Amino acid sequence: MSETAEKQSYDFRTIEAKWLPFWVQDGTFVVDPADERPQKYVCDMFPYPSGDLHMGHAEAFAIGDVAARYARLRGYNVLHPIGWDSFGLPAENAAIKNNAHPAEWTYTNIETQAASFKRYGISADWSTRLHTSDPEYYRWTQWLFLKFYEQGLAYRKDSPVNWCPSCQTVLANEQVVGEGVCDRCGTPVTKKALNQWYFKITDYADRLLDDMDQLKGAWPERVLAMQRNWIGRSEGAHVDFPVEGGHTVTVFTTRPDTIFGATFFVVAADADLAAQLVTEEQRAALEEYREQLKSVSEIERQSADRKKTGVFLGVHATNPATGAKMPVYATDYVLADYGTGAVMGVPGQDQRDWEFAKAFDLPIVRTVQPPAEFEGEAFTGEGPAINSANSEISLDGLEVEEAKARIIDWLESKGAGRATTNYRLRDWLLSRQRFWGAPIPVIHCPDCGEVPVPEDQLPVQLPTEAKGEDLRPKGKSPLAGLNDWVTVDCPACGATATRDTDTMDTFVDSSWYYLRYVDPKNTQAPFDVEKVNARLPVDQYVGGVEHAILHLLYSRFFTKVLYDMGLVNFTEPFKALMNQGQVLNGGKAMSKSLGNGVDLAEQMDEYGVDAVRLTMVFASPPADDVDWADVSPAASQKFLGRAWRLAQDVTSAPGTDPAAGAAGLRAITHRTIADAQSLLDDQKYNVVIARIMELVNAARKEIDSGAGAGDPAVREAAEVTAQILSLVAPYTAEDMWQMLGHDPSVANSAWPAYEESLLVEDTVTAVVQVKGKLRDKLEVPADISAEDLEAQALALPKIQRYIEEDGGVRKVIVRAPKLVNVVTG
RNA sequence: GCCCGAAUGGCGGAAUUGGUAGACGCGCUCGACUCAAAAUCGAGUUCUGCAAAGAGUGUGGGUUCGAGUCCCACUUCGGGCACCA
């Protein structure tokens with residue numbers, strides 16, 4: 001800038017209008033396939049096109065963009081893709097309302113969001129853009145389904161499933177939230193016996209759990225904890241109980257050591273097992289009990305303080321340890337789909353069994369000695385075994401762990417039991433009675449049965465003519481009502497057959513999109529194996545904690561299956577995960593009902609894109625919530641103006657050697673680079689902003705009351721400011737960079753190198769403590785010896801006084817050059 | 001009940017990982033500029049106290065020359081799971 005040029009004021013509108021088209025034309029963020037530099041893959045969880053972008057998107061994508069832009073400045077070949085998770089129910093509801101096809105609503109919203117993303121300055125490579133609702137995408141979702149099917153990992157079964165009466169569709173366990181309600185509409189979920197498609201995620205339970213070791217430290221601990229909890233591995237034993245009528249029923253127990261206390265036997269009332277065991281005399285009673293249960297809501301059933309109910313099945317089981325006859329009951333406190341759906345009742349050591357025994361007046365035997373002061377009912381703690389012996393084995397006196405091992409050995413020797421592992425995780429119910437999803441590529445033939453659609457007939461496309469009322473849920477998939485679509489020739493025998501009319505859970509779509517990003521236009525395969533192996537796993541994944549179990553667990557599962565198929569050479573998709581916090585307003589999540597929503601577009605109009613982004617990043621650590629009521633985008637705008645004017649004020653020529661510049665400012669500049677680097681590596685993005693603010697303040701001071709605007713150190717500070725600021729405020733930074741005489745884009749400039757020699761301070765402030773309390777300070781050379789520092793500290797008059805008052809020096813701790821602690825007395 | 005996480009000024013949050021608590025910002029107070037306001041700039045701002053000084057990082061103990069940081073016990077808040085045998 002020449003001295004004569006008229007000073008403009010900082011106007012974010014002009015700056016945005018200038019640079020947004022430039023980045024598009026320049027292809028600033030498009031990955032060059034020939035780029036040989038080391039790679040980084042930074043990925044945000046792709047959005048659902050529910051409308052325009054909101055404040056939550058702004059927070060998440062601002063944070064993800066810092067990571068991407070930082071990696072780019074550090075010289076990596078960065079892939080930062082963008083796409084949409086564009087299947088899902090809201091599009092269907094809109095279509096019914098507007099008598100339209102869901103695609104209309106979906107793609108209109110995508111265009112709106114795409115424009116907003118561009119305005120928001122996200123450094124995405126738009127050539128990666130994908131939508132899961134495009135036939136070119138879901139063709140491969142279907143292809144992957146078929147691969148899973150081939151390996152027996154996709155199957156159908158009849159089972160009581162979660163049913164939302166309002167959405168008229170089944171739900172996965174992961175989608176039943178809180179006290180048993182639908183995560184979309186809050187309606188209490190009921191159970192319905194249906195034939196549904198599942199992915200066999202339980203086959204991968206151990207690996208999903210054990211491979212979390214790879215993620216420790218790189219994923220938030222709470223996400224790992226939630227997944228661990230969800231998988232719910234528990235070690236125990238299977239024990240076989242002979243039951244009258246010639247059956248043998250196996251139970252799962254984590255406490256085989258308590259088997260001598262098993263006095264009754266309970267099976268899940270809603271499972272087939274109960275119907276198989278029941279005597280003819282008791283069959284009517286069982287049926288009546290089952291009828292009663294149907295009227296009990298899931299919420300009521302799950303409440304722990306509900307009194308135990310059940311019905312005697314008329315048969316007895318034999319306890320393999322005691323030989324005792326145990327009455328067999330059906331009850332709803334035993335879950336059909338956990339363990340084996342049957343439990344040995346040990347009232348002495350299990351509170352639920354205690355309550356059942358009390359309700360049915362069954363004997364209670366303690367087999368673990370509670371401490372003398374114990375006053376509870378069932379005793380579930382540690383203690384020596386009692387009452388636990390037969391003619392062949394005695395556990396008496398053994399502590400729980402030892403007793404478990406001994407009884408398992410004995411059961412194994414008798415062929416009556418074995419150690420086993422059980423999981424809370426159930427198979428993933430993936431079929432949905434919805435329209436706007438990827439159709440399950442299977443044909444049902446009266447002669448051949450289940451026939452997978454041949455690969456060359458993919459994609460099984462959704463009908464494009466369906467609209468409005470065609471899509472209303474009727475208890476079965478809307479596709480079932482479209483006869484032209486449903487009727488098809490069997491690919492195996494040519495007979496008239498029908499298509500499967502369910503569509504896939506949208507979490508199937510999102511379980512592999514991060515793979516497709518590296519090769520989004522591939523028409524021969526979901527992705528090129530070599531390209532994926534070269535680019536993945538994702539180095540930094542960014543998204544909300546609400547997907548802690550759902551999307552993240554499913555994606556991990558998919559990756560492991562693909563690994564086993566030889567399609568990828570890694571077992572975990574996301575090396576590092578960052579959960580951004582929510583954006584609140586007044587301590588509460590923004591919502592229509594509270595009327596506390598803040599409109600992103602309005603904020604950008606009023607304060608500018610950069611100010612909104614800066615506010616998001618500066619407000620708190622990335623993982624913490626941002627309360628919009630506590631922050632000031634106006635202040636962010638003000639700061640950006642200060643930074644921008646810095647560049648405007650610089651009068652030295654580009655390329656001026658900074659060595660001759662003011663030493664004080666240079667030291668601050670280089671300290672800022674060094675600090676920013678380690679802060680960015682630690683993802684302490686909010687603190688990085690604080691450091692840039694300090695640098696801007698120091699540079700301003702230098703201009704106003706120091707060496708002046710022509711000092712080379714001021715130019716250096718302004719350049720560094722532009723570069724670091726470009727991570728959060730790309731428009732302002734780009735404009736600064738140009739004012740400073742550089743070619744755009746600052747985003748592809750090199751991260752500034754700091755000079756070690758400038759970080760070394762000549763003098764430091766040493767603190768002098770007496771008995772750990774700060775009493776005085778001392779300016780000393782940075783290379784002062786411990787002896788000199790101690791002597792100087794002890795000579796201080798203030799310190800002398802304390803020493804006299806406290807009765808002399810006992811000990812002196814010296815940490816040159818920063819600290820002296822005098823211990824007196 | 002079980003499992004995670006957190007607690008620092010009026011507010012959001014810093015603290016090189018055991019060595020000056022409160023960086024940076026918001027807000028507030030005072031001042032400059034202005035006829036005035038806005039914008040901008042400057043000074044101050046943990047608490048008590050006129051000051052000297054003292055106290056201080058949820059509570060209570062402990063380790064240490066020295067603790068926001070480490071250990072033990074607890075409290076409160078947030079989140080997840082929960083009749084899972």
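Lettering follows sequence order; numbering is per chain, from 1. From a predicted model like this one, the values you see are computed outputs, not experimental measurements.
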Engineer: Indicate whether OP1 or OP2 belonging to B:rG12 is found under 4.0 Å from a side-chain N or O atom of A:Asn686.
Structural biologist: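 A:Asn686 to B:rG12 OP1/OP2: no side-chain N or O under 4.0 Å.
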Engineer: Categorize A:Lys638 for me: base, sugar-phosphate, or nothing, with a 4.0 angstrom heavy-atom threshold over every strand shown.
Structural biologist: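 Sugar-phosphate: the residue A:Lys638, judged by heavy atoms under 4.0 Å, touches backbone atoms but no base.
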Engineer: Tell me whether B:rU46 sits syn or anti, counting syn as a glycosidic angle within 90° of 0.
Structural biologist: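 Base orientation: anti.
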Engineer: Does A:Val823 reach a base, just sugar-phosphate, or nothing at all? Heavy atoms under 4.0 Å.
Structural biologist: sugar-phosphate
Engineer: Using whole Å, what does the distance between atom C1' of nucleotide B:rA85 and atom NZ of A:Lys308 come to?
Structural biologist: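 Result: 12 Å.
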Engineer: Taking ring-ring contact (aromatic ring centres under 6.0 Å, His included) as the definition, give me every residue that meets it alongside A:Phe356, ordered by chain and number, with sequence neighbours left out.
Structural biologist: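 Residues passing ring-ring contact (aromatic ring centres under 6.0 Å, His included) with A:Phe356: A:Phe264, A:Tyr329, A:Tyr333, A:Phe360.
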Engineer: What integer number of Å spans the P atoms of B:rG58 and B:rG54?
Structural biologist: 23 Å
Engineer: Within the structure shown, what part of the strands sits under 4.0 Å from A:Asn697 by heavy-atom distance: base, sugar-phosphate, or nothing?
Structural biologist: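 Sugar-phosphate only.
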Engineer: Using a cut-off of 4.0 Å on non-hydrogen atoms, how would the nucleic acid contact of A:Asn821 be classed: base, sugar-phosphate, or nothing?
Structural biologist: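 Result for A:Asn821 = base.
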Engineer: If anything within 90° of 0 is syn and all else is anti, what is B:rG9?
Structural biologist: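 The base of B:rG9 is oriented syn (glycosidic angle within 90° of 0).
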Engineer: Tell me: CZ of A:Arg424 to P of B:rC84, nearest whole Å?
Structural biologist: 10 Å
Engineer: Within the 4.0 Å heavy-atom criterion, would you say A:Glu694 contacts the bases, only the backbone, or no part of the nucleic acid?
Structural biologist: sugar-phosphate
Engineer: Let me have RNA chain B in dot-bracket notation, would you? Count Watson-Crick plus G-U wobble pairs, both distances under 3.5 Å, and use [ ] for pairs crossing earlier ones and | for inter-strand partners.
Structural biologist: (((((((..(((......[....)))((((((.......))))))(((....)))..(((((..]....))))))))))))....
Engineer: Reckon A:Arg642 touches a base, only the sugar-phosphate, or nothing at all at heavy-atom distances under 4.0 Å?
Structural biologist: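 Sugar-phosphate, no base atom in range.
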Engineer: For A:Arg775, which contact category applies under a 4.0 Å heavy-atom criterion: base, sugar-phosphate, or nothing?
Structural biologist: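 If one applies the 4.0 Å heavy-atom cut-off, A:Arg775 turns out to touch the sugar-phosphate alone, with no base involved.
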Engineer: With a non-hydrogen cut-off below 4.0 angstrom, is A:Lys811 in contact with a base, only sugar-phosphate, or nothing?
Structural biologist: sugar-phosphate
Engineer: Say we look at B:rC71 and B:rA67: how far apart would their C1' atoms be, to the nearest angstrom?
Structural biologist: 11 Å
